[in-house]
Amino acid sequence: MAAKMCSNGPPARSRFRVTRRWMVLLKSRSALYGVLFLAATGSLTGCDTNLGQGPTAVRNVDGNLQIAMCESVEVSRISASYREKRFIAYLPRVEFLDLVGRKTLEPGQLLEVGRAVEGFDAKLSENPALDIEGDMEILLWVAGSDDVSTSAFLMPSGGVPVDGWLQPDGDVTDEPCPTE
């Protein structure tokens with residue numbers, strides 16, 4: 001009986017190299033196609049390329065979340081939620097604000113969670129814990145008559161600032177709507 005020979009020589013290595021080259025090529029093409037798709041979709045639909053960078057700022061005033069509007073907007077709904085990050089995963093979102101109504105909000109106008117806002121029916125208005133030590137994200141959604149903007153705030157260590165305004169880009173400023 002002849003013993004079977006296993007080959008670990010050149011043919012197996014060349015197959016591995018071809019497979020590896022194809023995988024690298026496919027990955028690079030997939031990434032390229034993905035970027036092109038997103039760019040084309042954004043330009044065709046007119047989507048805002050600054051997703052999560054809406055015209056708002058937030059701060060902590062005596063344990064209440066205060067929201068500043070930085071553009072004139074005719075608003076029909078304002079909604080906000082937060083989620084905490086534990087270890088490596090985020091917990092489910094918790095909605096804490098849902099205002100429905102019709103009102104034009106002007107630049108510099110302040111809304112305080114937990115307090116009545118003229119022109120809006122508060123379906124939900126409960127302050128989240130603002131002094132969380134871990135990672136937390138607040139998502140603020142403002143729906144207008146023909147537009148929707150979102151602001152995503154990643155909390156700095158120590159929670160929502162008391163001595164300044166947290167901007168969607170992570171900066172803390174003295175003014176809610178700084179001019180550039």
Side-chain angles (χ1 to χ4, degrees), residues 38 41-43 45-180:
L38 289 175
T41 304
S43 64
T45 61
C47 290
D48 186 5
T49 57
N50 294 321
L51 188 62
Q53 302 290 316
T56 57
V58 295
R59 73 175 175 181
N60 180 349
V61 176
D62 299 325
N64 295 323
L65 184 70
Q66 197 172 60
I67 303 165
M69 297 303 298
C70 295
E71 285 182 1
S72 180
V73 180
E74 184 181 325
V75 178
S76 59
R77 185 174 197 164
I78 299 174
S79 180
S81 62
Y82 72 92
R83 64 182 180 170
E84 294 179 62
K85 187 174 183 181
R86 297 281 170 91
F87 302 108
I88 60 170
Y90 278 100
L91 297 177
R93 286 199 171 280
V94 176
E95 189 173 17
F96 65 89
L97 179 66
D98 190 11
L99 303 175
V100 178
R102 286 245 180 254
K103 183 172 183 168
T104 300
L105 299 176
E106 299 299 331
Q109 188 164 354
L110 304 177
L111 307 174
E112 197 164 312
V113 177
R115 303 243 168 125
V117 178
E118 184 181 328
F120 288 100
D121 178 28
K123 305 243 184 230
L124 178 65
S125 186
E126 300 172 0
N127 271 296
L130 300 177
D131 57 352
I132 290 175
E133 292 299 322
D135 293 337
M136 182 170 89
E137 172 190 71
I138 291 180
L139 182 65
L140 183 64
W141 182 73
V142 178
S145 55
D146 60 348
D147 194 18
V148 174
S149 70
T150 57
S151 300
F153 300 94
L154 296 175
M155 297 302 113
S157 63
V160 180
V162 176
D163 296 327
W165 290 91
L166 180 63
Q167 303 296 323
D169 63 5
D171 288 344
V172 177
T173 60
D174 292 332
E175 297 296 319
C177 308
T179 56
E180 299 191 36

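Proximity of a side-chain donor or acceptor of Ser76 to a complementary backbone N or O of Ala143 within less than 3.5 Å is detected. At least one donor-acceptor pair under 3.5 Å links the side chain of Gln167 to the backbone N or O of Pro176.
In this structure, the separation between CD on Gln109 and SG on Cys177 is 11.0 Å, given to the nearest 0.5 Å. Distance check, rounded to the nearest 0.5 Å: OH of Tyr82 to CG of Leu91 gives 9.0 Å. Interatomic distance, OG of Ser149 versus CH2 of Trp141, reported as 10.0 Å (0.5 Å rounding). The distance from atom CH2 of Trp165 to atom OG1 of Thr56, rounded to the nearest 0.5 Å, is 10.0 Å. In this structure, Cys70 SG and Leu105 CG are separated by 11.5 Å, a value rounded to the nearest 0.5 Å. Taken from CD in Glu112 to CD in Gln66, the straight-line distance is 5.0 Å, to the nearest 0.5 Å.
Annotation: side chain of Leu111 is not in contact with side chain of Phe120 (no heavy-atom distance under 4.5 Å). Put simply, the side chain of Ile138 reaches to within 4.5 Å of the side chain of Leu65, judged on heavy atoms. Residues Asn64 and Val113 are not in side-chain contact: their nearest non-hydrogen atoms beyond the backbone lie 4.5 Å or more apart. For the pair Met155 and Leu166, the minimum side-chain heavy-atom distance is below 4.5 Å. Counting heavy atoms from C-beta on, the side chains of Val160 and Phe153 never come closer than 4.5 Å. At a threshold of 4.5 Å between non-hydrogen side-chain atoms, the residues Arg102 and Glu74 count as touching.
Counting heavy-atom neighbours within 6.0 Å of Arg115 CZ, excluding the residue itself, gives a total of 12 or less. Around CD of Glu175, the count of heavy atoms belonging to other residues, nucleotides or ligands within 6.0 Å does not exceed 12. Residue Asp174 places its CG atom among 12 or fewer non-hydrogen atoms of other residues, nucleotides or ligands, all under 6.0 Å distant.
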- [ ] May I have the step-by-step check of salt bridge (charged side-chain N to carboxylate O under 4.0 Å, His left out) for Lys85 and Glu137, ending in yes or no?
- [x] CA-CA 8 Å; Lys85 187 174 183 181; Glu137 172 190 71; over 6 Å; no
Open item on the list: Working note: Lys123 + Glu95, criterion side-chain contact (heavy atoms from CB on, under 4.5 Å); need CA distance, chi angles, decisive distance, verdict.
Closed with: CA-CA 11 Å; Lys123 305 243 184 230; Glu95 189 173 17; over 6 Å; no
Task: Arg77 vs Asp98, salt bridge (charged side-chain N to carboxylate O under 4.0 Å, His left out): CA-CA, chis, key distance, verdict - done: CA-CA 7 Å; Arg77 185 174 197 164; Asp98 190 11; 2.7 Å; yes
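Between Ser151 and Pro55, the closest heavy-atom pair is OG-N, 4.1 Å.
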